[in-house]
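Read through the structure below, which is laid out as structure tokens, and then see the notes.
Quick note on labels: first sequence line is chain A, next is B, and so on, each numbered from 1. Given the structure is predicted, the values throughout are model-derived calculations rather than measurements. Basis for what follows: all heavy atoms, side chains included, without hydrogens, waters or symmetry-related copies.
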Protein chains: 2
Amino acid sequence: MGGATARELQQELRSRGYRLTPQRQLVLEAVEELRHATPDQVLERVRSKAKGINQSTIYRTLELLESLELVTHTHLGHGAPTYHPASSPDHAHLVCAGCGEVRQVDPDVVAPLVEALKRHCGFTTDVRHLAVQGRCANCSENTEG
Amino acid sequence: MGGATARELQQELRSRGYRLTPQRQLVLEAVEELRHATPDQVLERVRSKAKGINQSTIYRTLELLESLELVTHTHLGHGAPTYHPASSPDHAHLVCAGCGEVRQVDPDVVAPLVEALKRHCGFTTDVRHLAVQGRCANCSENTEG
DNA sequence: TTGATTGCAAAGCCTTTGCAGTTCT
DNA sequence: AGAACTGCAAAGGCTTTGCAATCAA
């Protein structure tokens, strides 16, 4: 399941002139284990496995891994972004403004939007980045009904 | 056309125990004139009409106006949010990761998504908040072939 | 009068940057 | 050696907060 092996990661990096370092491996692992993590959470996780790793390394590494399409990020709220492993199944997020619940939905569910935007104006949607704000079933009731 | 008159604004505020101040009027006017504005742009605009208005007043006022549903905001990118007057027609935004273009689309276009989410899990979408990341027609061509 | 509102300055959160030292090839 | 990488500390962008002075009603 899932994640890139160290060897695959190394190839991915080498082919673009980058190097495989323990830090990079740890960051990718952390994202893969946490599934949904802010840079801060990644930092904490990585630090629990190895001492002395710096914030800026986390930021630089997440950016790098994203450019290699090994991780993606989305914005679920006002704060820090959330990183996902590319190896996890594609999904969009629904964010409830009422209770804060974040729910993942299958790309199928947002496919009508993706198609409509393609048809309407040739726009190609990045589903993994998609975070839809609104109100979950519970919170809608409490407001509307 | 749009905007709330001073009187309407005052009623809106008074009914909730708030007061009408010159600053609040100016901030709402600025959002209505600019249509798409970051807090910074609102500040600049307001300052061009009256001296001595402070950043924190802008932030506090935008938050207040949003709670009164006189303005909305959305996140088009990594930076500051963009505020819109509630009096402007509803629309969602498409943000191109290639060229940065931001395009407004009619709620009709995203209606399929809204309905799908409602049907699928009772989720009520906040269309005005919706910003879809992806690639515009031009930038898709250049990437895909 | 009196509670809401403002300006100001400081602090806070999240992120980026410059640089010197280190590590890989 | 030469280039990539890291840690560190400082700076940067955006936003929030505490407080005393001011203002609307």
Side-chain angles (χ1 to χ4, degrees), chain A residues 6-7 9-31 36-47 49-68 70-71 73-83, chain B residues 6-28 30-31 36-47 49-68 70-71 73-83:
Chain A
R7 181 159 315 248
L9 177 54
Q10 178 163 44
Q11 287 177 357
E12 204 44 48
L13 289 164
R14 294 300 303 279
S15 72
R16 309 211 195 181
Y18 300 121
R19 294 176 184 169
L20 178 60
T21 65
Q23 289 89 338
R24 287 177 178 172
Q25 234 174 296
L26 285 164
V27 169
L28 182 54
E29 273 173 35
V31 173
H36 285 75
T38 60
D40 229 45
Q41 293 168 326
V42 173
L43 177 60
E44 195 188 357
R45 179 83 169 201
V46 169
R47 280 193 173 155
K49 303 199 173 180
K51 295 291 174 187
I53 282 163
N54 195 271
Q55 255 191 345
S56 42
T57 301
I58 301 291
Y59 282 105
R60 289 191 275 230
T61 303
L62 287 172
E63 190 183 0
L64 176 65
L65 295 177
E66 188 154 31
S67 78
L68 299 177
L70 294 172
V71 308
H73 83 269
T74 188
H75 295 272
L76 300 182
H78 279 196
T82 302
Y83 284 82
Chain B
R7 180 159 315 248
E8 287 165 348
L9 177 55
Q10 178 163 45
Q11 287 177 357
E12 206 43 51
L13 289 165
R14 292 302 304 280
S15 71
R16 309 214 196 180
Y18 301 120
R19 294 175 182 172
L20 178 59
T21 65
Q23 289 90 336
R24 288 177 176 171
Q25 233 173 297
L26 285 165
V27 169
L28 181 54
V31 173
H36 285 76
T38 61
D40 229 45
Q41 293 168 327
V42 172
L43 177 61
E44 195 188 359
R45 179 80 169 205
V46 169
R47 280 192 172 155
K49 302 199 174 180
K51 296 291 174 187
I53 281 164
N54 195 270
Q55 255 190 344
S56 42
T57 302
I58 301 291
Y59 283 104
R60 290 191 274 230
T61 303
L62 287 172
E63 189 183 1
L64 176 66
L65 294 177
E66 188 154 31
S67 77
L68 299 177
L70 293 171
V71 307
H73 83 269
T74 188
H75 295 272
L76 300 181
H78 279 194
T82 302
Y83 285 82

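Of the candidates D/dT15, D/dG7, C/dT15, the closest approach to any side-chain atom of A/Gln55 belongs to C/dT15.
Atom-to-atom, OH of A/Tyr59 to P of D/dT6 comes out at 16 Å; the value is rounded to the nearest Å. The CG-P distance, from B/Asn54 to D/dT15, rounds to 14 Å in whole Å. Taking atom CD of residue B/Gln41 and atom C1' of nucleotide D/dG13, one finds them 14 Å apart after rounding to whole Å. When rounded to the nearest whole Å, the span between CZ of A/Arg60 and P of D/dT6 equals 7 Å. What separates OH of A/Tyr83 from P of C/dC14 is a distance of 13 Å, to the nearest Å. Going from atom NE2 of A/His78 over to atom C1' of C/dC13 covers 14 Å, rounded to whole Å.
At a threshold of 4.0 angstrom between heavy atoms, the contacts of A/Gly79 with the nucleic acid are absent.
Less than 4.0 Å separates DNA chain D from at least one heavy atom of each of the following residues of residues 10-18 of chain B: B/Gln10, B/Arg14.
For the pair B/Arg47 (side chain) and B/Ile53 (backbone), a donor-acceptor distance under 3.5 Å is present.
When every heavy atom of A/Val46 is checked against every heavy atom of A/Ile58, the shortest pair comes out as CG2-CD1, 4.3 Å.
At least one side-chain nitrogen or oxygen of A/Gln23 sits closer than 4.0 Å to the OP1 or OP2 atom of D/dG7. The side chain of B/Arg24 contributes an N or O atom lying less than 4.0 Å from OP1 or OP2 of C/dT6. One finds no side-chain N or O of B/Thr21 lying less than 4.0 angstrom from the OP1 or OP2 phosphate oxygen of C/dA4. Residue B/Thr57 has a polar side-chain atom (N or O) positioned under 4.0 Å from OP1 or OP2 of C/dG7.
Each of B/Leu20 and A/Asp40 lies near DNA chain C, and the nucleotide nearest B/Leu20 is the one positioned closer to the 5' end.
A donor and an acceptor atom never sit less than 3.5 Å apart when one is taken from the side chain of A/Arg19 and the other from the base of D/dC5. For A/Ser56 against D/dC8, a side-chain-to-base donor-acceptor contact under 3.5 Å is present.
Aromatic ring orientation, B/His75 versus A/His78: perpendicular (interplanar angle above 60°, classes split at 30° and 60°).
With rounding to the nearest 0.5 angstrom, the OG1 atom of B/Thr61 is 9.5 Å from the CG atom of B/Leu26.
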>> Could you walk me through whether B/Asn54 and B/Ser56 satisfy the side-chain hydrogen bond (donor to acceptor under 3.5 Å, both in side chains) test, starting with their C-alpha distance in whole Å, then the side-chain angles of each, then the deciding distance to 0.1 Å, before giving a yes or no?
In response: CA-CA 5 Å; B/Asn54 195 270; B/Ser56 42; 2.7 Å; yes
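Side-chain contact check for A/Arg14 versus A/Leu20: every heavy-atom pair is 4.5 Å or farther apart.
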